[in-house]
J.: 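Following this message is one structure expressed as structure tokens.
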Amino acid sequence: MQMHYGWNELKDIDFMSVLPVILPVLIVGVILILIALMDLYKHRKTRKNVLLWSLIIIFLNTFGPILYFVIGRKDRERT
């Protein structure tokens, strides 16, 4: 039984058969990132921690925009 797999085992995977499963997830992730960044830019004067939210949105892929929409939109400054 092989306990460790290396890069050579990746040659055996047919990526074209996996692509229809992965591609919609990637597209939804990119759309979420773009919508979250556009919302953050649009409300940048009223949001706190704009730089921190930008980094979270970009580097946490799908979870970053979800966190922004759930938590980040509530921290607007009261005027």
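As a basis for the values below, the full set of heavy atoms in this structure was taken, side chains included, without hydrogen atoms, waters or symmetry mates.
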J.: Below 3.5 Å, can you tabulate the donor-acceptor pairs from side chains in residues 32-41 to any protein atom, sequence neighbours excluded?
T.:
{"from": "Asp39", "atom 1": "OD1", "to": "His43", "atom 2": "ND1", "distance (Å)": "3.3"}
{"from": "Asp39", "atom 1": "OD2", "to": "Arg47", "atom 2": "NH2", "distance (Å)": "3.4"}
{"from": "Asp39", "atom 1": "OD2", "to": "Tyr68", "atom 2": "OH", "distance (Å)": "2.7"}

J.: Which atom pairs, one a donor and one an acceptor, fall under 3.5 Å between side chains of residues 12-26 and the rest of the protein, sequence neighbours left out?
T.:
{"from": "Ser17", "atom 1": "OG", "to": "Asp14", "atom 2": "O", "distance (Å)": "2.7"}

J.: Tell me which pairs pass salt bridge (Lys or Arg N to Asp or Glu O under 4.0 Å) where either residue lies in residues 61-72, with sequence neighbours left out.
T.: none
J.: Show every salt bridge (Lys or Arg N to Asp or Glu O under 4.0 Å) that has at least one partner inside residues 23-33, sequence neighbours left out.
T.: none
J.: Tell me whether Ile57 is reachable from Ile71 by hopping between hydrophobic residues (I, L, V, M, F, W, Y) whose side-chain heavy atoms are closer than 4.5 Å.
T.: yes
J.: Applying side chain to side chain donor-acceptor pair (under 3.5 Å) as the test, list every pair that has at least one member in residues 20-35; sequence neighbours left out.
T.: none
J.: May I have all residue pairs that pass side chain to side chain donor-acceptor pair (under 3.5 Å) and include part of residues 21-32, sequence neighbours excluded?
T.: none
J.: Can you tell me which residue pairs pass the salt bridge (Lys or Arg N to Asp or Glu O under 4.0 Å) test with a partner in residues 56-67, sequence neighbours excluded?
T.: none
J.: Distance-only check: which donor-acceptor pairs under 3.5 Å involve side-chain atoms of residues 60-67, not counting sequence neighbours?
T.:
none

